[in-house]
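Reminder, nothing fancy here: chain letters follow the sequence lines and each chain counts from 1.
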There are 4 protein chains.
Amino acid sequence: MNIQLMKVVDKKAAVLNAALELIVENGFHGTPMSKVAKQANVAAGTIYHYFESKEEMIDTLYTTLKEEMGNALLRDDDTSLDYKERFYAFWQNLFLYFTQNPKEFVFLEQYANSPLISKSIKEDNVKHYLPVIQFLEEGIKLGILREMDSKLMTSLLYGNIISTAKLQLVEDYQISPELMNQAINSCWDSVKAN
Amino acid sequence: MNIQLMKVVDKKAAVLNAALELIVENGFHGTPMSKVAKQANVAAGTIYHYFESKEEMIDTLYTTLKEEMGNALLRDDDTSLDYKERFYAFWQNLFLYFTQNPKEFVFLEQYANSPLISKSIKEDNVKHYLPVIQFLEEGIKLGILREMDSKLMTSLLYGNIISTAKLQLVEDYQISPELMNQAINSCWDSVKAN
Amino acid sequence: MNIQLMKVVDKKAAVLNAALELIVENGFHGTPMSKVAKQANVAAGTIYHYFESKEEMIDTLYTTLKEEMGNALLRDDDTSLDYKERFYAFWQNLFLYFTQNPKEFVFLEQYANSPLISKSIKEDNVKHYLPVIQFLEEGIKLGILREMDSKLMTSLLYGNIISTAKLQLVEDYQISPELMNQAINSCWDSVKAN
Amino acid sequence: MNIQLMKVVDKKAAVLNAALELIVENGFHGTPMSKVAKQANVAAGTIYHYFESKEEMIDTLYTTLKEEMGNALLRDDDTSLDYKERFYAFWQNLFLYFTQNPKEFVFLEQYANSPLISKSIKEDNVKHYLPVIQFLEEGIKLGILREMDSKLMTSLLYGNIISTAKLQLVEDYQISPELMNQAINSCWDSVKAN
DNA sequence: TATGAATGAGAGTTCATTCAT
DNA sequence: AATGAATGAACTCTCATTCAT
């Protein structure tokens with residue numbers, strides 16, 4: 001990577017980072033492009049070399065974070081482990097990603113259901129989780145997990161982690177290791193076969 | 001209620017209703033007051049007889065819907081029933097409120113975590129759910145529900161219902177009675193004592 | 001004067017009084033009719049029974065105060081006194097009216113040169129000072145006052161009193177009897193014949 | 001001065017000039033920013049690159065004109081002249097500035113006593129007249145001018161010039177050289193020692 | 001590639017005035 | 001005569017985007 005390109009990457013990343021910080025604090029419409037530019041140390045016009053519009057910038061941010069989150073989720077998956085152990089590992093991967101990246105979490109939650117992010121972009125981002133979806137479907141097939149619509153199951157599991165993380169990050173309610181264990185066990189019980 | 005008062009109520013309600021519809025579709029900042037006024041069939045200035053600002057209007061809408069949702073949740077609670085039956089009834093009450101009031105659901109989810117709704121307003125609205133929180137704490141005490149932090153449990157249960165509703169309302173994935181049963185059973189298993 | 005009429009007068013006067021107080025403090029455009037109504041304890045619409053518009057209300061206020069000021073100026077004129085004594089008495093009359101009615105003074109100064117008060121209204125109000133203008137013209141004819149254009153002289157004398165009053169009322173610079181004497185003597189010297 | 005800077009200066013000056021013209025004719029609140037922009041040949045938003053708000057624009061205009069007026073007042077002061085000659089020169093300097101810049105005069109009078117210009121700004125602008133205030137205090141000390149409070153004297157002298165100018169500029173009463181002499185002599189007599 | 005002054009449409013809000021009661 | 005809810009035009013100001021440099 002030559003210096004030119006590095007600078008470009010740096011600048012684009014700086015813009016996205018500035019946008020993330022400001023939007024989490026003030027919301028999409030409370031964050032003028034001029035402020036994003038200032039926080040990223042670039043000129044206002046420069047942002048438009050990297051993004052077509054404010055909306056595209058947000059879309060890119062969303063997609064970038066979704067990918068980052070997907071990578072975190074799948075990190076260090078060890079297929080030689082027990083099914084349940086792998087399940088617990090996935091849970092913790094995601095939970096740790098959220099609690100260690102609170103701004104990213106808040107942003108993703110803020111825009112997951114907002115009309116600002118187009119449906120097609122949301123669907124595009126499913127790809128980052130496919131391995132886990134397959135893992136769940138396998139669990140059902142193997143009789144380790146109960147008979148349940150796999151889309152429903154995915155939603156419920158994701159919702160479980162989100163709820164736990166939100167408790168800590170939005171409601172300032174510290175999740176101790178003990179509480180995390182309660183959450184994760186509850187989660188397992190909600191899908192394991194009887 | 002005399003005619004005067006009816007008109008006032010009608011007008012305020014018309015504004016809130018227009019706001020709900022437009023905001024769900026276009027978001028808070030995608031919804032100019034001029035359009036709210038037009039949709040509610042009032043003059044732009046009229047809104048400001050009922051609300052100090054756009055923000056206060058949104059706060060009122062949020063509070064109104066939270067109360068409505070609280071009422072739906074507690075509807076027809078029959079203390080003579082089994083604990084589990086009452087638990088299932090609560091689950092269904094909330095789920096039905098969401099699926100039968102999709103705009104209200106989307107709005108509440110959109111603003112639950114947004115910086116637009118002040119924290120104090122959110123806390124004020126906890127009061128509508130107190131009876132259910134007590135119901136859960138009782139269940140734990142009686143050994144029907146497992147030992148779990150009650151705030152965590154509340155969050156997980158709420159998250160479970162939200163996730164199921166969202167599947168249908170946001171992702172257009174029809175929740176059949178069969179799927180609803182899967183969700184509700186999963187939910188019960190996630191908190192019942194072993 | 002029957003009770004009905006008294007009430008009317010009271011209400012009109014209350015409106016003018018409220019307008020005076022609010023406008024002096026916040027200016028014409030910083031004073032909405034709704035606030036005038038509230039301060040006067042009448043409904044907004046009621047003002048429009050007494051005045052055609054906000055502008056007419058201000059015009060009436062201006063004219064009313066100009067007349068009041070004219071009356072104060074001419075109060076207790078004693079034609080048996082020395083010319084100089086009468087001159088001093090006029091000066092003091094006006095000065096005392098201003099310092100004892102600071103709101104009225106500020107209002108009159110604020111609107112004396114404003115485009116809000118039409119020129120015709122200003123000219124109409126000259127009539128209240130005619131006797132003093134004649135008094136000055138006589139003084140010139142008698143050789144007590146110097147040869148000077150009488151309009152110029154009137155302006156200079158009025159300006160002298162205004163400047164002294166403003167020092168106290170606008171710049172919070174207390175005008176002691178000693179200072180008042182300096183001002184009045186200076187004023188006399190500026191027009192007396194040599 | 002390079003071209004860039006010239007343009008900037010031009011644009012800011014154009015805005016101030018447009019504001020001056022319109023405000024003198026229609027008052028502060030009768031002058032929407034949109035009209036200022038149109039008259040200055042800039043976009044509405046452009047004004048807000050140079051001024052934070054309409055109020056700051058007015059403050060700047062006021063301060064600019066006060067400085068200009070101060071410079072005019074002190075122009076060509078020749079300390080080798082007689083005290084009385086210098087006094088007459090100051091009077092004429094100010095009078096000529098007013099009559100040759102009628103818009104500036106009307107604006108300054110309109111806002112000198114208005115609640116729109118903050119007291120602190122008014123006090124800031126005293127600095128432009130300090131040399132003349134010292135000149136007057138010296139005159140008193142030397143016995144050329146009478147014993148009089150110097151603040152009172154300053155006010156009276158300023159009031160004298162203002163009154164004369166207003167006669168011409170507001171009341172359309174032409175001040176001939178003869179009348180100007182009457183005014184200036186009257187002014188001198190009002191402060192000279194006996 | 002990068003800049004940032006300039007744009008102007010459109011936002012939230014105010015308020016003089018009206019009119020049904 | 002008196003009310004005050006309702007009106008809607010007009011206001012100040014913001015900000016995503018452009019473009020000459």
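- Rounded to a whole Å, the CZ atom of Phe51(D) is 15 Å from the C1' atom of dA6(E).
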| query | If the sugar-phosphate is the primed atoms plus P, OP1 and OP2 and the base is the rest, what is the B/S/- string for nucleotides 7-14 of chain F, using protein heavy atoms under 4.0 Å? | reply | BB--SSBB
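- To the nearest 0.5 Å, the span separating CG on Leu65(C) from NZ on Lys103(C) amounts to 11.0 Å.
- Note that CD1 of Ile47(A) and CE of Met33(A) are 4.5 Å apart. Values are rounded to the nearest 0.5 Å.
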| What pattern of brackets, bars and dots sums up DNA chain E from 5' to 3', given Watson-Crick or G-U wobble pairs under 3.5 Å, [ ] for crossing pairs and | for another strand? | .||||||||||||||||||||
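- Atom-to-atom, OH of Tyr50(A) to C1' of dT17(F) comes out at 18 Å; the value is rounded to the nearest Å.
- For the pair Ile23(A) CD1 and dA16(F) C1', the interatomic distance rounds to 13 Å; values are reported in whole Å.
- Here the side chain of Thr64(B) pairs a donor or acceptor atom with the backbone of Thr60(B) at under 3.5 angstrom.
- Atom CD1 of Ile58(A) is separated from atom P of dA16(F) by 11 Å (rounded to the nearest Å).
- With contacts defined as side-chain heavy-atom distances shorter than 4.5 Å, the pair Val36(A)/Ile23(A) does not qualify.
- Using a 30° and 60° split on the angle between ring planes, Phe28(C) and Tyr111(C) fall in the perpendicular class, above 60°.
- Considering only heavy atoms from C-beta on, Ile58(C) stays 4.5 Å or farther from Phe51(C) through its side chain.
- Contact annotation: the side chain of Gln39(A) approaches that of Glu21(A) to within less than 4.5 Å [non-hydrogen atoms, C-beta and beyond].
- Side-chain atoms of Asn125(B) come within 3.5 Å of backbone atoms of Ile121(B) as a donor-acceptor pair (strictly under, hydrogens ignored).
- dT7(E) atom C1' lies 15 Å from atom NZ of Lys38(D), rounded to whole Å.
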